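All remarks here apply to the structure that follows.
These numbers were taken from a predicted model, which means no experiment stands behind them.
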Amino acid sequence: MKHQWIYSFAKLIFPNYIWGISTKKPVVYLTFDDGPIPEVTPWVLDLLTEYNAKATFFCIGDNINKHPEIFLKIFQNKHTIGNHTYNHLKGWNANTVDYVENTLKCQKEIEEHTTSATKLFRPPYGKITNKQSTILRKKGFKIIMWNVLSKDYDASINYKTCIERVLNNIKPGSIIVFHDSIKAFPNLQKALPVILKSLKQKGYSFESLH
């Protein structure tokens, strides 16, 4: 359970970020980063429907702009939308003003297409400075991190490792990271159905963040 120690430590250092949800109920929170894109997101949505699962999609503003019909389908399927910046910026490498403006640009894109936009924000790569975080939180954003990382995007591991990373570290209230991206799809396509089936058999339900 090495990964849980890492996230417990991170939670102590960054208490203003949300790393998991405190609950004893058998519920987990699926999250998907980097979409929406036509090659992957519709497949994810269909699979989630099959398992009566709700999730949170942290969308890139530029992808929303390019694929509004897929973004609308996420919303119509009653999943929650989160902000992942407009251009997938890495906070550690970005000027604070530019980073905040890029995030607000994404939020504007989200709000142009939805009637109940949230202010959930996940920094790309999980990398954000304290100053950037402080400004965004003052603007009403919740910084959503995770405590289970599938690493589906990592071409150096196979889908079985992704499955093990999730199932070996899951607990009630876990926030799990997947990616609806082309890079992650080879692993995601094989791992996600197995993970959903296994967790459902164990009595877990799947809810979206709010």
Side-chain angles (χ1 to χ4, degrees), residues 3-4 7 18-60 63-64 67 69-84 110 113-122 126 142 144-153 159-210:
H3 300 102
Q4 295 307 318
Y7 292 116
I18 297 171
W19 297 90
I21 305 301
S22 179
T23 181
K24 293 182 180 178
K25 296 179 181 178
V27 55
V28 294
Y29 297 86
L30 308 171
T31 67
F32 296 86
D33 292 1
D34 298 353
I37 60 169
E39 297 87 349
V40 184
T41 309
W43 177 87
V44 172
L45 291 173
D46 288 345
L47 187 64
L48 293 177
T49 298
E50 182 181 335
Y51 281 89
N52 192 29
K54 296 305 176 191
T56 305
F57 287 78
F58 288 93
C59 297
I60 294 172
N63 284 339
I64 298 172
H67 311 293
E69 70 290 345
I70 300 173
F71 178 76
L72 186 60
K73 189 175 180 182
I74 296 172
F75 183 66
Q76 289 172 337
N77 284 18
K78 298 184 179 179
H79 300 291
T80 300
I81 305 296
N83 185 320
H84 204 46
I110 291 170
H113 293 88
T114 63
T115 56
S116 58
T118 68
K119 279 199 166 184
L120 304 180
F121 176 73
R122 172 172 286 158
K142 295 180 182 178
I144 308 294
M145 304 300 270
W146 60 84
N147 53 17
V148 179
L149 181 64
S150 69
K151 279 204 167 184
D152 50 2
Y153 57 84
Y159 76 95
K160 293 181 181 178
T161 302
C162 296
I163 293 170
E164 291 171 359
R165 286 182 61 88
V166 174
L167 297 183
N168 290 345
N169 292 287
I170 209 76
K171 64 179 182 178
S174 287
I175 298 175
I176 312 167
V177 178
F178 298 102
H179 295 78
D180 53 331
S181 67
I182 291 174
K183 183 166 67 171
F185 197 42
N187 280 330
L188 182 71
Q189 190 174 27
K190 293 180 179 179
L192 187 58
V194 175
I195 291 167
L196 291 177
K197 182 178 180 180
S198 178
L199 290 177
K200 189 171 183 179
Q201 288 174 342
K202 293 177 181 178
Y204 280 96
S205 61
F206 310 98
E207 296 183 9
S208 55
L209 295 162
H210 296 283

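Annotation: side-chain hydrogen bond (donor to acceptor under 3.5 Å, both in side chains) contacts of Thr161 (sequence neighbours excluded): Asn158. The salt bridge (Lys or Arg N to Asp or Glu O under 4.0 Å) check on Asp33 picks up Arg122, with sequence neighbours excluded. With sequence neighbours left out, Lys119 forms a side chain to side chain contact (heavy atoms under 4.5 Å, CB included) with Gln107, Phe141. Considering only residues two or more places apart in sequence or on other chains, Phe121 meets the ring pair (Phe, Tyr, Trp, His ring centres under 6.0 Å) condition with none of them. With sequence neighbours left out, the ring pair (Phe, Tyr, Trp, His ring centres under 6.0 Å) criterion links His67 to no other residue. Residues passing the side-chain hydrogen bond (donor to acceptor under 3.5 Å, both in side chains) test with Asp34 are His84, His88, sequence neighbours excluded. Contacts of Ser208 classified as side-chain hydrogen bond (donor to acceptor under 3.5 Å, both in side chains), with partners at least two apart in sequence or in another chain: Thr80, His210.
Rounded to the nearest 0.5 angstrom, Ile60 CD1 and Asn83 CG are separated by 10.5 Å. Rounded to the nearest 0.5 Å, atoms CG (Asn147) and CD1 (Ile21) are 9.0 Å apart. Going from atom CD1 of Ile176 over to atom CD1 of Ile170 covers 3.0 Å, rounded to the nearest 0.5 Å. Taken to the nearest 0.5 Å, the OG atom of Ser174 stands 13.5 Å off from the CH2 atom of Trp19. A distance of 12.5 Å separates CD1 of Ile175 from CG of Leu149, quoted to the nearest 0.5 Å.
Residue pairs that meet the salt bridge (Lys or Arg N to Asp or Glu O under 4.0 Å) test with at least one member in residues 35-47, sequence neighbours left out, are Asp46-Lys73. Each salt bridge (Lys or Arg N to Asp or Glu O under 4.0 Å) pair with one or both residues in residues 196-210, not counting sequence neighbours, would appear here, but there are none. Residue pairs meeting the ring pair (Phe, Tyr, Trp, His ring centres under 6.0 Å) criterion with at least one partner in residues 162-196, sequence neighbours excluded, are Phe32-Phe178, Trp43-Phe185, Tyr153-His179.
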